[in-house]
2 protein chains.
Amino acid sequence: MKPGHIFPTEDCRAVSEVLSRVGDKWTVLVVQYLGSGPMRFSELKRSIGGISQKMLTTTLRGLERDGFVTRTVFPTIPPRVDYELTQLGQELLTPVRALGDWARNNIIRIREARERFDVTSV
Amino acid sequence: MKPGHIFPTEDCRAVSEVLSRVGDKWTVLVVQYLGSGPMRFSELKRSIGGISQKMLTTTLRGLERDGFVTRTVFPTIPPRVDYELTQLGQELLTPVRALGDWARNNIIRIREARERFDVTSV
DNA sequence: CGGGATCCTTGAAGATACTG
DNA sequence: CAGTATCTTCAAGGATCCCG
């Protein structure tokens with residue numbers, strides 16, 4: 001891969017597509033929670049905390065569409081729906097966790113840089 | 001790290017902070033381009049293509065604030081400004097590239113899943 | 001050339017209410 | 001319980017003009 005010509009437009013779109021899913025507000029959180037096993041809707045909602053049911057639904061639909069999670073409906077009363085990572089979803093977890101680890105390890109440096117910047121530019 | 005209790009709220013915020021920067025529309029692209037060496041404003045703009053100067057400015061300011069790039073002004077006429085990755089920026093490149101590689105390697109599986117989903121749910 | 005300032009459009013996200 | 005439907009808000013992003 002020669003410098004100055006990273007990835008033209010084909011791979012570029014691919015990265016953008018994945019990134020626009022991964023980069024949204026809740027996806028990573030949901031994937032991380034599902035990383036430890038299947039969970040039902042309300043369980044996810046309670047675990048995540050600040051999320052509205054609409055956003056959780058939307059996020060899960062997106063993940064399902066992209067093949068990252070499966071949705072299993074139990075036709076009981078009251079209804080019950082389980083969400084579980086697919087193989088693809090599990091594999092996604094690897095680079096996502098790498099980024100998450102990096103974030104945790106470097107957040108202090110970022111915050112310091114931010115403080116410096118904000119002070120200087122006043 | 002015990003399952004069901006991934007990362008409470010402290011690390012969670014850290015990840016969110018980094019992710020909200022990494023996850024925005026242009027940041028990753030800019031970082032990737034700067035990965036092959038310093039570039040000036042107009043050079044970045046031309047390379048990236050679809051970006052407006054406002055968004056490039058905004059993105060670069062954000063990256064500068066977080067300590068990922070440095071901004072060097074040459075007081076010439078016409079003015080010239082170079083942007084370059086800092087050490088922190090270079091380190092960020094590692095997990096970002098991992099995610100980018102994963103995206104390129106799996107985009108087909110995602111697109112297939114998407115087609116299946118869209119067909120089925122009609 | 002490298003922006004700053006402004007206006008405008010859109011879509012993401014939240015709140016609320018209702019349903020099988 | 002697990003959604004769907006609707007309305008509203010708000011900020012990201014784009015277009016345009018101007019300036020040192």
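Residue numbers begin at 1 in each chain, while the letters A, B, ... track the order of the sequences.
- Taking side-chain N and O atoms only, R71(A) has no distance below 4.0 Å to OP1 or OP2 of dA2(D).
- Hydrophobic clustering of Ile, Leu, Val, Met, Phe, Trp and Tyr side chains at less than 4.5 Å, counting indirect connections, unites V73(B) with M39(B).
- Of the side-chain N and O atoms in R40(B), none sit less than 4.0 angstrom from OP1 or OP2 of dC1(C).
- Closest of all the heavy-atom pairs between E91(B) and W102(A) is O-NE1, 3.5 Å.
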_Criterion side chain to side chain contact (heavy atoms under 4.5 Å, CB included) on V28(B) and Q32(B), from CA distance to verdict_ = CA-CA 6 Å; V28(B) 168; Q32(B) 300 248 1; 3.8 Å; yes
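- Minimum heavy-atom separation, G35(B) to L93(B): CA-CD2, 3.7 Å.
- Y83(A) comes within contact range of the sugar-phosphate backbone alone, with a heavy-atom separation under 4.0 Å but no base atom that close.
- A salt bridge does not link R114(B) to E64(A): none of the charged side-chain nitrogens sits closer than 4.0 Å to a carboxylate oxygen.
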Check nucleotides 16-20 of chain C against the protein and report each pair of N or O atoms closer than 3.5 Å, with its distance, or say if there are none.
residue, atom, partner, partner atom, Å
dA17(C), N6, Q53(A), NE2, 3.3

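- In the set dG14(C), dA2(D), dG2(C), dG2(C) carries the atom at the smallest distance from any side-chain atom of F41(B).
- Within the 3.5 Å criterion, the main-chain N or O of E17(A) finds a donor-acceptor partner in the side chain of S20(A).
- Residues from residues 56-65 of chain A with heavy atoms under 4.0 angstrom of DNA chain D, sorted by number: T57(A), R61(A).
- Between K45(A) and dG3(D), a side-chain N or O to OP1/OP2 separation shorter than 4.0 Å is absent.
- Identified under the salt bridge (charged side-chain N to carboxylate O under 4.0 Å, His left out) test for residues 67-84 of chain B, with sequence neighbours left out: R80(B)-D82(B).
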